Amino acid sequence: MSLQSERLLNHMQRLRLSHLPNCYEAIAEEASAKDLPYLDFLEQALEAESQAKHTRNVRLKTQWAHFPYNKGLDQFDFDFQPSVDERKLRELAGLAFLERKENVLLLGPPGVGKTHLAIALGTEAIVAGNTVYFVTVQDLVQQFQRARDENKLKERMTLLVKPKLLILDEMGYLALDPFAATCLFRLVSERYEKGSIIVTSNKSYGDWGTIFADNVIASAILDRLLHHSTTINIKGESYRLKDKKKAGVIAAKTPNREGA
Ligand code: ADP
Ligand code: MG
């Protein structure tokens, strides 16, 4: 290795440029072969580094988000689900709601794409540089219970308030006891006007009282969630049953009976 290469690598290490060491020689060779201006070379080198950093960031943030699967808006078949307004979803994907700390509620029966759309919006948020945390209400309640047993409820709450976007999946599949309902109320209150929440639920607002076994806490939570929010009501058929119907496994008129 030449002395200059050694010095260059040293600089890159000190500046924490992790990708450039692998590619600066190739970029320099190409620039020289094409007789590129110095500024073009500099631009290409910096672009390679910043692109690699961005890709790494997206990968790490996606891991941290704990999505159950990875799907984007482009994989959503809007023709299959006409009750979902594509324009509204594209607007949400522009993330102004996140900047305004507003919430998004995705409501509808099982299989209609609530979780898919929540993940798609979460992915857009990550690509734009935000932190996201996805959790089902069932897992969240377990986290609260464990934290209570370990006397770390406050720390758990602080962690859940931190991400720029919190996705609470499957509200309503599970009835919540008073402890879980109180924790959820605290979480929603602490994020209120500070950080967005996306909630998916199979229950319409009128039925939320049955989730919490307490209408007062249900309306207190709804009040905060809905104050600055967009609701997407999906009224359609389960996408999961689509192929089964096509194959004739289930009669076309079978109502949705599957779990989420
Ligand atoms: P739920 O409303 O129960 O949360 P999901 O979002 O998990 O349903 O959707 C179930 C499965 O069907 C997922 O694999 C999802 O990607 C797929 N899916 C649902 N709706 C659509 C759609 N309109 N276009 C493409 N895939 C869809
Ligand atoms: Mg779901």
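These numbers come from a predicted model, not from an experiment. All ligand and atom numbering here is 1-based and tracks the order in the structure.
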- prompt: Which residue from F78, Y239, Y69 reaches closest to atom 5 (P) of ligand 1 through any of its heavy atoms?
  reply: Y69
Sequence-distant partners of A213, side chain to side chain contact (heavy atoms under 4.5 Å, CB included), two or more places apart: none
task: Would you please name every residue forming a side chain to side chain contact (heavy atoms under 4.5 Å, CB included) with R90, sequence neighbours left out?
output: L73, D74, F78, E86
field: NZ or CZ of K71 within 45° of Y69 ring axis and under 6.0 Å
entry: yes
message: Any N/O/S atom from T115 (main chain or side chain) under 2.8 Å of the Mg ion (ligand 2)?
response: yes
field: Those atoms of ligand 1 less than 4.0 Å from some heavy atom in P110
entry: 3 (O)
field: Contact with ligand 1 for V112, non-hydrogen, under 4.0 angstrom
entry: yes
- prompt: Between Y173 and ligand 1, is there a nitrogen or oxygen pair with a distance under 3.5 Å?
  reply: no
- line: At under 4.0 Å between heavy atoms, what of K114 touches ligand 1? The answer is both
query: What pair of heavy atoms forms the shortest contact from V112 to E237, and how long is it?
result: CG1-O, 3.6 Å
statement: Judged by heavy atoms only, the candidate from I119, D74, D77 nearest atom 23 (N) of ligand 1 is D77
field: Lys NZ or Arg CZ of R156 over F144 ring: under 6.0 Å, within 45°
entry: no
message: side chain to side chain donor-acceptor pair (under 3.5 Å) for D169 and T200? Distances and angles first, verdict last.
response: CA-CA 5 Å; D169 196 34; T200 79; 2.5 Å; yes
- prompt: With a 4.0 Å heavy-atom cut-off (strictly under), which part of E170 contacts ligand 1: side chain, backbone, both or neither?
  reply: neither
- prompt: Can you name the one residue among Q138, Q143, Q145 that meets side chain to side chain contact (heavy atoms under 4.5 Å, CB included) with V141?
  reply: Q145
query: Atoms of ligand 1 less than 4.0 Å from G111 heavy atoms?
result: 1 (P), 2 (O), 3 (O), 8 (O), 19 (C)
- request: State whether the shortest distance between N or O atoms of F80 and N or O atoms of ligand 1 falls below 3.5 angstrom.
  value: no
